Amino acid sequence: MGIVPNLNSDQLQFFHSHGYLVIESFATPDEVHAMRNRMELLLHGFDCSTSSVFSTVNQLSTDDYFLQSAENISFFFEEKAFGENGNLKQGKELSINKVGHALHELDPVFKSFSDSEKFSGLLLSLGYKRPIAIQSMYIFKQPGIGGEVVPHQDNSFLYTEPTTCTGLWLALEDANTTNGCLWAIPGSHKNGLVRRFLRGDKGVYFDQPSPTYDKKDFVPIEVKAGSLVVIHGDVIHQSFENQSPKSRHAYSLHVVDTEGCVWAQDNCVDATRVEEDDACNESWYI
């Protein structure tokens with residue numbers, strides 16, 4: 001029968017008006033359990049000597065390990081995971097910020113979920129013609145040290161002309177204001193892209209300084225495990241530090257279209273990488 005759209009008119013209206021949409025029970029409890037168990041196994045086999053520290057507050061310090069992670073399953077520690085002596089203050093499973101950025105390609109459990117028809121139907125509903133997943137991340141938001149993600153737009157990092165990036169953020173645990181849920185400025189996508197994150201001969205940089213946002217404009221997006229948050233590439237969103245004793249695991253995909261648009265050559269992910277993805281993501285062609 002082929003892929004069919006799976007968003008109704010009310011959902012589409014909300015998304016186009018607010019710039020985000022919550023789809024409850026998008027993943028089944030079994031799917032959530034499978035992804036969490038798989039990540040536990042990946043962490044168990046992870047060698048701490050091959051890793052990096054990730055920060056959205058100081059993104060200009062991006063290293064080669066990060067830049068090469070688009071093609072790998074790479075591990076990034078929280079900034080606050082280390083003591084003054086340079087050693088981890090607690091076990092590695094409670095110190096990792098995220099794992100990325102090719103889980104959707106290289107790991108069978110995450111690939112199976114990412115390639116599912118429910119994603120294809122969702123993207124068809126949003127008007128995608130030939131979508132590909134550019135990157136994937138498992139985000140831990142660790143208890144007590146889970147780092148802040150500063151206000152940003154996904155199109156800043158994954159830019160096409162015209163812009164086509166959509167974030168797909170799946171809660172693997174309940175996310176609320178206590179443990180670091182997403183926050184967004186409703187309707188902010190209507191103001192367009194504010195700045196871009198570029199890759200040049202001397203490294204990476206933003207082409208514009210960060211605007212100042214009023215905290216009262218943000219609204220929390222509290223969701224239950226299994227819920228999917230669909231995020232327009234231009235909507236301003238963030239999450240705060242997790243200072244609670246409970247983690248906030250999530251699985252995130254970022255998608256762009258490859259029909260009727262051009263991948264920017266100065267993105268952190270190079271065009272060759274996108275062409276390779278385009279050749280192997282036929283399950284999402286609609």
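It should be emphasised that the depicted structure is a prediction, and the values quoted were computed from it without experimental measurement.
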Self-check item: From CA spacing to verdict: side-chain contact (heavy atoms from CB on, under 4.5 Å), Ser252, Ile139
Solution: CA-CA 8 Å; Ser252 174; Ile139 308 166; 4.2 Å; yes

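- In this structure, His189 and His232 have tilted ring planes: the angle between them lies in the 30° to 60° band.
- No side-chain heavy atom of Leu198 sits less than 4.5 Å from a side-chain heavy atom of Tyr159.
- Of the possible donor and acceptor atoms, one in the side chain of His237 sits under 3.5 Å from a partner among the backbone N and O of Val235.
- Distance check: Arg196 CZ to Tyr205 OH gives 8.5 Å after rounding to the nearest 0.5 Å.
- The aromatic rings of Phe26 and Phe119 are tilted relative to each other, their planes meeting at an angle between 30° and 60°.
- The two residues Ala34 and Val109 have their closest heavy-atom pair at O-CG1, 3.8 Å.
- A chain of hydrophobic side-chain contacts below 4.5 Å, direct or via other Ile, Leu, Val, Met, Phe, Trp or Tyr residues, connects Ile221 to Val32.
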Quiz item: His254 and Leu168: side-chain contact (heavy atoms from CB on, under 4.5 Å), yes or no, with the steps?
Solution: CA-CA 6 Å; His254 288 98; Leu168 305 170; over 6 Å; no

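- Residues Ile96 and Phe77 have side chains in contact (heavy-atom distance under 4.5 Å, counting atoms from C-beta outward).
- With Ser247 contributing its side chain and His249 its backbone, the two residues share no donor-acceptor pair below 3.5 Å.
- Rounding to the nearest 0.5 angstrom, the gap separating the NZ atom in Lys118 from the CG atom in Leu228 is 9.5 Å.
- Looking at Thr166 and Tyr128, their side chains do bring a donor and an acceptor atom within 3.5 Å of each other.
- Classification of the Phe197-Phe157 ring pair by plane angle, with boundaries at 30° and 60°, yields tilted.
- Between Glu78 and Leu94 the shortest side-chain heavy-atom distance does not fall below 4.5 Å.
- A 4.5 Å side-chain heavy-atom check between Glu31 and Leu170 finds every atom pair outside the cut-off.
- In this structure, the side chains of Ile231 and Leu182 come closer than 4.5 Å at one or more pairs of heavy atoms.
- Across all non-hydrogen atoms, the minimal contact from Pro220 to Thr177 is CB-CG2, 3.7 Å.
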Quiz item: Stepwise, does the salt bridge (charged side-chain N to carboxylate O under 4.0 Å, His left out) test hold for Lys141 with Glu173?
Solution: CA-CA 10 Å; Lys141 209 71 166 181; Glu173 294 183 296; over 6 Å; no

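- Open room surrounds CD on Gln13; 12 or fewer heavy atoms of other groups in view lie less than 6.0 Å from it.
- Side chains of His104 and Ser136: a donor on one and an acceptor on the other come within 3.5 Å.
- Atom CD of residue Gln265 and atom CZ of residue Arg199 lie 8.0 Å apart, to the nearest 0.5 angstrom.
- Remark: side-chain polar atoms of Asp214 are paired, donor with acceptor, to backbone N or O of Lys216 under 3.5 angstrom.
- Of the possible donor and acceptor atoms, none in the side chain of His33 sits under 3.5 Å from a partner among the backbone N and O of Pro29.
- The shortest side-chain heavy-atom distance between Pro108 and Arg38 falls under the 4.5 Å cut-off.
- Between the side chain of Lys92 and the backbone N or O of His44 there is at least one donor-acceptor pair closer than 3.5 Å.
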Quiz item: Given the rule in the salt bridge (charged side-chain N to carboxylate O under 4.0 Å, His left out) test, do Asp174 and Lys224 qualify, once you have shown the distances and angles that lead to the verdict?
Solution: CA-CA 4 Å; Asp174 294 353; Lys224 295 292 186 181; 3.7 Å; yes

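- The nearest pair of heavy atoms linking Gln11 to Ile23 is NE2-CG1, 4.4 Å.
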Practice problem: Step by step, work out the side-chain contact (heavy atoms from CB on, under 4.5 Å) result for Val150 and Gln238. | Solution: CA-CA 5 Å; Val150 298; Gln238 66 173 342; 5.8 Å; no

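- How far CG of Asn155 is from OG1 of Thr163: 4.5 Å, rounded to the nearest 0.5 Å.
- Under a 3.5 Å cut-off, the side chain of Gln153 and the backbone N or O of Gly192 do form a donor-acceptor pair.
- Between His152 and Ile236, every side-chain heavy-atom pair lies at or beyond the 4.5 Å cut-off.
- In terms of modelled atom types and a separation under 3.5 Å, the side chain of Ser125 and the main chain of Asn6 share a donor-acceptor contact.
- Counted within 6.0 Å of NE2 on His16, heavy atoms from surrounding residues, nucleotides or ligands total more than 12; the atom is thus considered enclosed.
- Under the 4.5 Å side-chain heavy-atom criterion for grouping Ile, Leu, Val, Met, Phe, Trp and Tyr, Met35 is connected to Val255 within one hydrophobic cluster.
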Practice problem: Give the intermediate values and the outcome of side-chain contact (heavy atoms from CB on, under 4.5 Å) for residues Leu126 and Phe15. | Solution: CA-CA 9 Å; Leu126 295 177; Phe15 177 76; 3.8 Å; yes

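- Here the two rings, on Tyr138 and Phe140, have centers that are under 6.0 Å apart.
- In terms of hydrophobic clustering, with Ile, Leu, Val, Met, Phe, Trp and Tyr side chains grouped at heavy-atom distances under 4.5 Å, Phe76 and Ile145 are assigned to different clusters.
- Note on Val194: it does not cluster hydrophobically with Val204, by side-chain heavy-atom contacts below 4.5 Å among ILVMFWY residues.
- Taking 4.5 Å as the limit, some side-chain heavy atom of Met39 sits within range of a side-chain heavy atom of Leu103.
- Panel note: side chain Ser120, backbone Ile3; no donor-acceptor pair is recorded below 3.5 Å.
- Within the model, atoms NZ of Lys129 and CG of Leu124 stand 7.5 Å from one another, a figure rounded to the nearest 0.5 Å.
- With hydrogens and angles ignored, the 3.5 Å screen pairs a side-chain donor or acceptor of Asn242 with a backbone N or O of Gln142.
- Heavy atoms of other residues, nucleotides or ligands lying less than 6.0 angstrom from NZ of Lys80 number 12 at most.
- The hydrophobic clustering, which links ILVMFWY residues whose side-chain heavy atoms are closer than 4.5 Å, places Met137 and Leu41 apart.
- With rounding to the nearest 0.5 Å, the separation of CG in Asn179 from CD in Glu222 is 9.0 Å.
- Between Ser114 and Phe110, the shortest heavy-atom distance links the atoms OG-O, 2.6 Å.
- Judged by distance alone, the side chain of Ser227 and the main-chain N or O of Ala171 form no donor-acceptor pair under 3.5 Å.
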